[in-house]
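What follows is one structure encoded as structure tokens, with my remarks underneath.
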Amino acid sequence: MALAVAAAWSVVGAGAAWAQPLAVTYRNSVGLPSSAVDQHGQAFTITGLSGLTHVAGARWAAVMDNSNKVVMLDLVLAADGAVVSASVAGAVSLAETMDFEDIAYTGALRYSVLLCEEGGPSVREYRLVDGSLAGVIAAPAVFASRRTNFGFESVSMRSGGGEVWVCNEEALTVDGALSTQAAGTTVRLVRYTSAGAGLLPSVASSQFACAVQPLHGAPTSGSRSGVSALVVLPSGVVLSLERSLAAPFIIPTFQSRIYELAMQGASDIAAPPTDAGLIGQAYTPVGKRLLYSGSHLNMEGLALGPPLPGGGWSLVGIVDDGDPLSTNRVVAFRLTGDAGSLHCAADIDRSGVADPTDIALFISVWLGSLGTGTVAGDFDGNGTVDPADVAGFIYDWLAAVASACS
């Protein structure tokens, strides 16, 4: 069922070369509980999990579509990236109910998540302490031509901040047709960049076209083949998860494909005339290299986890139970190759250097965690906010100063 690809190229548009090629290998799949309790003590049913992000240690956060719920998960991983156990660690009810499709954690300083929603579309920031709205990142004007239920489907934030990437699931009406068995669709990758150190990215600095593969089988009601998740690696390389749904008699009904994208040589379609639509315009799409293809039913989200003791990185997908075949599950992969290095954890204000300001900010976050009962100050990722987190932060801060880690 699983296929790991390390070197085979399937390129659309500009090519690229990787010194240490990335590779993705499937590990295992584990079911998730069906209920959770939010910050108000209210229980609810877990359904429609559409996005996933790593928080710290074993803690992850998943978002439910067509809801106001973020579910906190604890995933224990083996050295090779397999999920040993998966449990629910709580939940946050948000101030708004929308069709949220993906999620990205902003870090301990903000202790918030970015959620992309299809309706606007927009990217919205919510505080994990109480679920309140912290801000909104608007979509470029061309996204007013989005198709219903095909708006922003994915959001990912680069380690250390500075960049947020979003993407629609299938083509805008001004960019082309929806996917078919004969031809794929074209989506827009949008890169938002920060206006300054420590600030949340808010300016759409560039856009790129990405050609998605056709349906992997005959069309049926609800068929689609589009981008359902993005993953920005510490190196800045972007991975895409393409999900295809074909006729029920096609085995498998769903197909998941993970690609490495190459922006080098691709056209910036935020510039005229392509900023108004791609139909009839000349442009170069991004390059693509297939890293993995397999079937894990309706796997809708994908997120990078921590580096693995056995080498490489954890990469975890999440399955939406919104069809008769799929159930709430996480899907574990191992990512190997040149993925870059993690942003220095001690530089929590993301100024580019570890300095005394970071110590003051961390102490403020840690004390706030004690007062609110959140895990924002859980620096060592063991699920508890205690003095060991302060000691661990100071140790890493001193190491960062000595090594000029940033």
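We're numbering straight along the sequence, starting at 1.
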For the residue pair [X] and [Y], what are the closest heavy atoms and their distance?
| X | Y | value |
| --- | --- | --- |
| Val30 | Val83 | CG2-O, 3.6 Å |
| Ala266 | Pro285 | CB-O, 3.7 Å |
| Ser50 | Asp320 | CB-OD2, 4.5 Å |
| Ser240 | Leu261 | OG-CD2, 3.7 Å |
| Ala209 | Leu278 | CB-CD1, 4.0 Å |
| Asp268 | Ser205 | OD2-O, 4.0 Å |

Separation between [atom1] of [X] and [atom2] of [Y], rounded to the nearest 0.5 Å:
| X | Y | atom1 | atom2 | value |
| --- | --- | --- | --- | --- |
| Asn149 | Asp99 | CG | CG | 6.0 Å |
| Trp313 | His54 | CH2 | NE2 | 10.5 Å |
| Leu304 | Thr53 | CG | OG1 | 9.5 Å |
| Arg59 | Asp74 | CZ | CG | 4.0 Å |
| Met98 | Leu115 | CE | CG | 10.0 Å |
| Leu361 | Ile359 | CG | CD1 | 10.5 Å |

May I ask you to check whether [X] and [Y] show a side-chain donor-acceptor distance below 3.5 Å?
| X | Y | result |
| --- | --- | --- |
| Thr106 | Ser112 | yes |
| Thr384 | Asp386 | no |
| Ser154 | Glu101 | no |

*asked:* So, applying side chain to side chain contact (heavy atoms under 4.5 Å, CB included) with Phe333, which one of Asn28, Leu291, Leu302 is it?
replied: Leu302

*asked:* Just to verify, which of Gln255, Gln213, Arg257 counts as forming a side-chain hydrogen bond (donor to acceptor under 3.5 Å, both in side chains) with Glu242?
replied: Arg257

Side-chain donor or acceptor of [X] paired with backbone N/O of [Y] under 3.5 Å:
| X | Y | value |
| --- | --- | --- |
| Arg334 | Gly311 | yes |
| Arg243 | Ala229 | no |
| Thr274 | Gly277 | no |

*Could you go through the salt bridge (charged side-chain N to carboxylate O under 4.0 Å, His left out) check for Glu153 and Arg224 one step at a time?*
CA-CA 13 Å; Glu153 185 75 14; Arg224 59 185 60 200; 5.6 Å; no

*Can Ser132 and Arg127 be said to form a side chain to side chain donor-acceptor pair (under 3.5 Å), step by step?*
CA-CA 5 Å; Ser132 61; Arg127 301 177 181 91; 2.9 Å; yes

Indicate, with yes or no, if the rings of [X] and [Y] have centres closer together than 6.0 Å.
| X | Y | value |
| --- | --- | --- |
| Tyr26 | His296 | yes |
| Phe100 | Tyr126 | yes |
| Tyr259 | Tyr292 | no |

*Could you check Glu118 against Arg146 for salt bridge (charged side-chain N to carboxylate O under 4.0 Å, His left out), going step by step and ending with a plain yes or no?*
CA-CA 9 Å; Glu118 287 194 315; Arg146 72 196 176 282; over 6 Å; no

